[in-house]
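Just so we're on the same page: letters track the sequence lines, and every chain starts at 1. Remember, predicted model here, so these are calculated numbers, not experimental data.
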Amino acid sequence: MFSSLMLVSLLVLTLPIMSSIFNTHKNSTFPHHVKNTISYAFITSLIPTMMFIHSGQETIISNWHWMTMQTLKLSLSFKLDYFSMIFVPVALFVTWSIMEFSLWYMHSDPYITRFFKYLLTFLITMMILVTANNLFQLFIGWEGVGIMSFLLIGWWYGRTDANTAALQAILYNRIGDIGFIMAMAWFLFNTNTWDLQQIFMLDPNLTNLPLLGLLLAATGKSAQFGLHPWLPSAMEGPTPVSALLHSSTMVVAGVFLLIRFHPLMENNKTIQSLTLCLGAITTLFTAICALTQNDIKKIIAFSTSSQLGLMIVTIGINQPYLAFLHICTHAFFKAMLFMCSGSIIHSLNDEQDIRKMGGLFNAMPFTTTSLIIGSLALTGMPFLTGFYSKDLIIETANTSYTNAWALLMTLIATSLTAVYSTRIIFFALLGQPRFLPLTLINENNPFLINSIKRLLIGSIFAGFFISNNIYPTTVPEMTMPTYMKLTALAVTILGFTLALELSLMTHNLKLEHSTSVFKFSNLLGYYPTIMHRLPPLANLSMSQKSASLLLDSIWLENILPKSISQFQMKTSILISTQKGQIKLYFLSFLITLTLSMLLFNLHE
Amino acid sequence: MLKIIIPTIMLMPLTWLSKKNMIWINTTTYSLLISLISLSLLNQPSNNSLNFSLMFFSDPLSAPLLVLTTWLLPLMLMASQHHLSKEPLIRKKLYITMLTMLQTFLIMTFTATELISFYILFEATLVPTLIIITRWGNQTERLNAGLYFLFYTLMGSLPLLVALISIQNLTGSLNFLLIQYWNQALPDSWSNIFLWLACMMAFMVKMPLYGLHLWLPKAHVEAPIAGSMVMAAILLKLGGYGMLRITTMLNPQTSFMAYPFLMLSLWGMIMTSSICLRQTDLKSLIAYSSVSHMALVIVAVLIQTPWSYMGATALMIAHGLTSSMLFCLANSNYERTHSRTMILARGLQTLLPLMAAWWLLASLTNLALPPSINLIGELFVVMSSFSWSNITIILMGANITITALYSLYMLITTQRGKYTHHINSIKPSFTRENALMALHMTPLLLLSLNPKIILGFTY
């Protein structure tokens, strides 16, 4: 009953894709059909989730044998444990809203049907990823979401930027995949299995190498420092794509992978501190980058990256359940923030620059409300969704005795969250309008209102519900001094006040000379400038000059074919250069003749 | 086996006796029927081989390659229809005859029980291929390409003949079926090292090994579409097949002789795939990508573990279908823009949306997207090379990344972006072409449901 209901809700998702095979006619109701299907899948998935929470089960694994190779058994195996049981409804809920939102956002696109198919395929691969019980199946989902993100970022395929961003996303993801494949190879080699529960049961020693691989994979997928530039670039895709893939589902796959492997990680201190430092660097660096951006989607993208860093920090302090809680709560408000920005962008005729917005609280009251609530939830305002996970994370981090620098960086990043949220609110919503007066602003579309409203309710209440139903295996610290309890709140309020004051003060000032700090933040820490110029240049010129020209066209050609033909040519020229003195040549036969005569005679 | 070989030979009279408007349809249907018959070979009920006669046999290694060969003939015929449409009837018939002849030789090569007959047939496949390249190629460079193709392969394989004769002298038999049981360790001596080299070089040139690969881009680029297809899909696999077969007799030598070639392959795999990043010529890009993929097969065969053999076999089949499909796609561009230069055929997605879907699928399988069989193959090769030496993962990983990059670079350049004005008036894609792509794609997808049948004899 339980697992079959869950499988039903997963199978329901494949129906629209199947129907598109048989139905070759253009069907204009297809997007609605997809949206409804997802809502049915969501409602169906709620039942097993509630049963699961109610009955307090641990894990349900269903196996379907696929093939056995040598000693390795590969099966189609679904793992329905706490993580997948909670994540599936959350993802379905968010996707449902985003689908409805895209009905509004993409309504003029001639290929809206294909767009919905892509989104749905993405959702299916994501579901494969979260329910997978063996590494191979996980890898199918892992690569599937990567490719779907490539297709969706490059949705407007006429634009060069979109294509570049799509290729960039694949490149960074592929670098991460090396780690994943290495981990797969290591587990196969050392534990002879890809099944998660068998790996954990065998609990191999010296897990540095595979866990490093998994960390690299998570770095690529979750846009951690080093492999982060693809996430802001991915904002070239349509806004629903950013809302679905690049805030709530796909980018958390890396964090999810690490959560899945926490039984191995919790025994490995080296990897944990690496994870902690990586997360802390990411969360601070991307928060700094977010401060001076002017593109509203880029700010939210960097904020996503920063939150992902926070999740990785949480894994680093050995609290996978809290990280998971943050994944779930983050999905609600971040998807909503993207949808609000989509609403603004669409209403202002594709204007993404926050300097050209302003005063939208009069024109778009509903979007304004949602944006503010979303931002507050993001900064961890008490009793909104974000509070339940973020506050807990910061408290646990404060009371833990691990790397103080990493924790300090996380705190600063938390404060900066409030700063850039204020900046969006201040520039986009408050003040006088700075957009063209002739813009027709209308947010009264049921698709838009309903979808945002649903996530708005989620952003207010979801954290409460989910955090009430979580049972952390490693219990976070419950008692602490008052000042520690209030740190998270204090730094956030500090961030808010500072940002508001600074924005008000500098609003009418002109930036004469940009300081080096401003340049650092605005140019994304010079990272793309350096990393996207020098290594590709070196690489491509190596492949052109050394691999293609020097080796293939010159050396390898010369060593074998050309030198042989040259040699033949030379010898034949040498031999055929003769004067035509027939008498002399025939006379030369005499020499051989006499020689042979002499030799034959000697033999006798 | 005769039930496949004789019908294939009978394709020739069919071609010559068919009426003008029936030659394509007759031969395509007939060859498709032959390939359906051959499917039954995939069912290998026992661990032993299916022994049909003293001359021919098939086992789990040769059966998938054989099926691939028979499957590809109808596809080659379908692909060549357009570029031969302007030729006189007799030349069309000659062309089909050449393809059929090649097919016959290939079937017999894959099923030969005897190394000498394998060798003779292996060499015999050169003749029709050479004729196809040099007669029906598009540019004058085809003659040069033919020379390269012929001489590289011949120079590589002549020592093999000597080696085979010497082995025949030593053991008294060159029968594949016997060799497995006869198998004795070769003594450690200089002459045996040369024996190893002589045996392996022929196949390494055919694969091709990096450094000996120059013939491949030239021949692939200059050959007509059917030639490119059959070379990428099957002729390269002859090398892999031969290596898999002959390594059983070269036993202790392989363990240390393999090192330089392993290194060269690992290095060459990176080199050739980075060459792909700078290619402007579509067919040349696909050809270099073949070299890079085949380097993986060489690595796998030389590592000599059950997993690597499985990987090598799966990768050969997967790459056969994928690269052949990519050549078909490149050809469909070529027939429209009359140029292989990628930059002249940009933004085709706007004009030919269905073709863009095929491009997408082909590129994705080329970069080994799970759960395609390309991934199964590559993954197994990576696994076995990782267990052979952990450091190889760096090279393998770099290659995986570069493969993804150039596959998508090819996709983006040809399909995405704005289309250029001179391709405004191109023909729409034909049903024939779409069917051709579908016939490439379907086996790839179906095989990924059950990759067991292409995992070779160590499965």
Side-chain angles (χ1 to χ4, degrees), chain A residues 66-70 72 111 114 136-137 139-144 146-147 150-151 154 157-160 162-164 166-167 170-171 173-175 177-179 181-182 184-186 188-190 209 213 539-549 551-553 555-557 559-561 564-565, chain B residues 147-148 151-152 155 211-215 217 270-279 288 306-307 310 347 349-350 356 360 364 367-371 375 379-380 382-387 390 393-394 396-398 400-405 408-409 412 415-418 450-452 455 458-459:
Chain A
W66 183 35
M67 58 178 184
T68 310
M69 270 172 289
Q70 305 278 338
L72 178 79
Y111 299 112
R114 192 195 296 164
F136 187 73
Q137 207 176 328
F139 194 55
I140 295 176
W142 185 264
E143 286 288 278
I147 287 300
F150 167 80
L151 289 175
Y157 57 81
R159 282 164 56 177
T160 317
N163 287 322
T164 324
L167 196 59
I170 282 288
L171 172 59
N173 274 315
R174 271 272 155 166
I175 295 174
D177 290 346
I178 300 173
I181 290 175
M182 183 180 75
M184 276 173 93
W186 195 90
L188 182 76
F189 190 38
N190 286 285
L209 196 60
N539 228 326
L540 288 176
S541 57
M542 189 283 289
S543 42
Q544 165 91 21
K545 290 183 183 137
S546 153
S548 182
L549 286 178
L551 282 175
D552 254 47
S553 311
W555 271 107
L556 294 178
E557 281 271 4
I559 286 176
L560 276 175
I564 290 175
S565 76
Chain B
L147 267 182
Y148 269 62
F151 277 92
Y152 264 89
M155 293 294 262
L212 303 171
H213 67 281
L214 283 188
W215 65 271
I270 305 276
M271 275 302 166
T272 43
S273 46
S274 33
I275 290 175
C276 286
L277 286 175
R278 292 307 293 256
Q279 283 301 324
Y288 271 110
W307 272 79
M310 283 196 277
Q349 182 167 4
T350 325
L360 177 69
L364 292 188
L367 65 83
L369 187 80
L375 177 92
L379 202 58
F380 285 9
V382 175
M383 301 289 146
S384 42
S385 82
F386 181 78
S387 71
N390 284 357
I393 191 75
I394 300 171
M396 288 286 178
I400 288 170
T401 314
I402 302 175
T403 309
L405 271 184
L408 293 174
Y409 159 67
I412 286 178
Q415 302 303 310
R416 305 292 172 84
K418 291 189 181 63
N450 185 15
K452 263 188 281 189
L455 287 183
T458 51
Y459 165 72

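Residue with the most contacts toward chain A among B/Leu214, B/Leu212, B/Asn390: B/Leu214 (heavy-atom pairs, distance under 4.5 Å). Note on B/Ile270, B/Leu405, B/Leu277: by heavy-atom pairs under 4.5 Å with chain A, the leading option is B/Leu405. Taking chain B as the reference chain and counting heavy-atom pairs below 4.5 Å, the highest number among A/Leu151, A/Leu549, A/Asn163 is found for A/Asn163. Contact count against chain A (heavy-atom pairs under 4.5 Å) is highest for B/Arg278 among B/Arg278, B/His213, B/Met271. Counting heavy-atom pairs closer than 4.5 Å to chain A, the top residue among B/Thr272, B/Val382, B/Leu367 is B/Leu367. The greatest number of non-hydrogen atom pairs below 4.5 Å with chain A, out of B/Ile402, B/Ile393, B/Ile394, B/Asn450, is found for B/Ile393. Your options are A/Ile147, A/Asn190, A/Leu72, and the one with the most heavy-atom pairs under 4.5 Å with chain B is A/Ile147.
Only the side chain of A/Phe189 comes within less than 4.5 Å of a heavy atom in chain B; its backbone stays farther off. If you measure heavy-atom distances from A/Ser548 to chain B, the contacts under 4.5 Å come from both the backbone and the side chain. Neither the backbone nor the side chain of A/Trp142 comes within contact range of chain B; no heavy atom of the residue lies under 4.5 Å from a heavy atom of that chain. For A/Ile140, the parts lying under 4.5 angstrom from a heavy atom of chain B are both the backbone and the side chain. When heavy atoms are compared at a cutoff of 4.5 Å, A/Leu188 approaches chain B solely by way of its side chain, counted from C-beta outward. The part of B/Ala368 that comes within reach of chain A is its backbone (N, CA, C, O), which places non-hydrogen atoms under 4.5 angstrom from that chain. Contact annotation for B/Leu147: neither backbone nor side-chain heavy atoms come within less than 4.5 Å of a heavy atom of chain A. Heavy atoms closer than 4.5 Å to chain A are found in both the backbone and the side chain of B/Thr350.
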Fill in: Worked check of side-chain contact (heavy atoms from CB on, under 4.5 Å) between A/Phe136 and A/Met184
CA-CA 8 Å; A/Phe136 187 73; A/Met184 276 173 93; 4.1 Å; yes
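Other residues, nucleotides and ligands contribute over 12 non-hydrogen atoms within 6.0 Å of the CE atom of A/Met542.
Atom CD of B/Gln349 sits about 10.5 Å away from atom CD1 of B/Ile412, to the nearest 0.5 Å. Rounded to the nearest 0.5 angstrom, B/Leu379 CG and B/Met383 CE are separated by 3.5 Å. Atom CG of A/Asn173 sits about 12.0 Å away from atom CZ of A/Phe150, to the nearest 0.5 Å. In this structure, CE in A/Met69 is found 9.5 Å from NZ in B/Lys452, a value given to the nearest 0.5 Å.
In this structure, B/Ser274 and A/Ser543 approach most closely via the heavy-atom pair O-CB, 3.0 Å.
There is a side-chain donor-acceptor pair under 3.5 Å between B/Tyr148 and A/Glu557.
Applying the salt bridge (charged side-chain N to carboxylate O under 4.0 Å, His left out) criterion to A/Arg114, with sequence neighbours excluded, gives no partner residue. Evaluation of the side chain to side chain contact (heavy atoms under 4.5 Å, CB included) rule for B/Thr401 yields A/Leu171, A/Arg174, A/Ile175, A/Ile178 as partners, not counting sequence neighbours.
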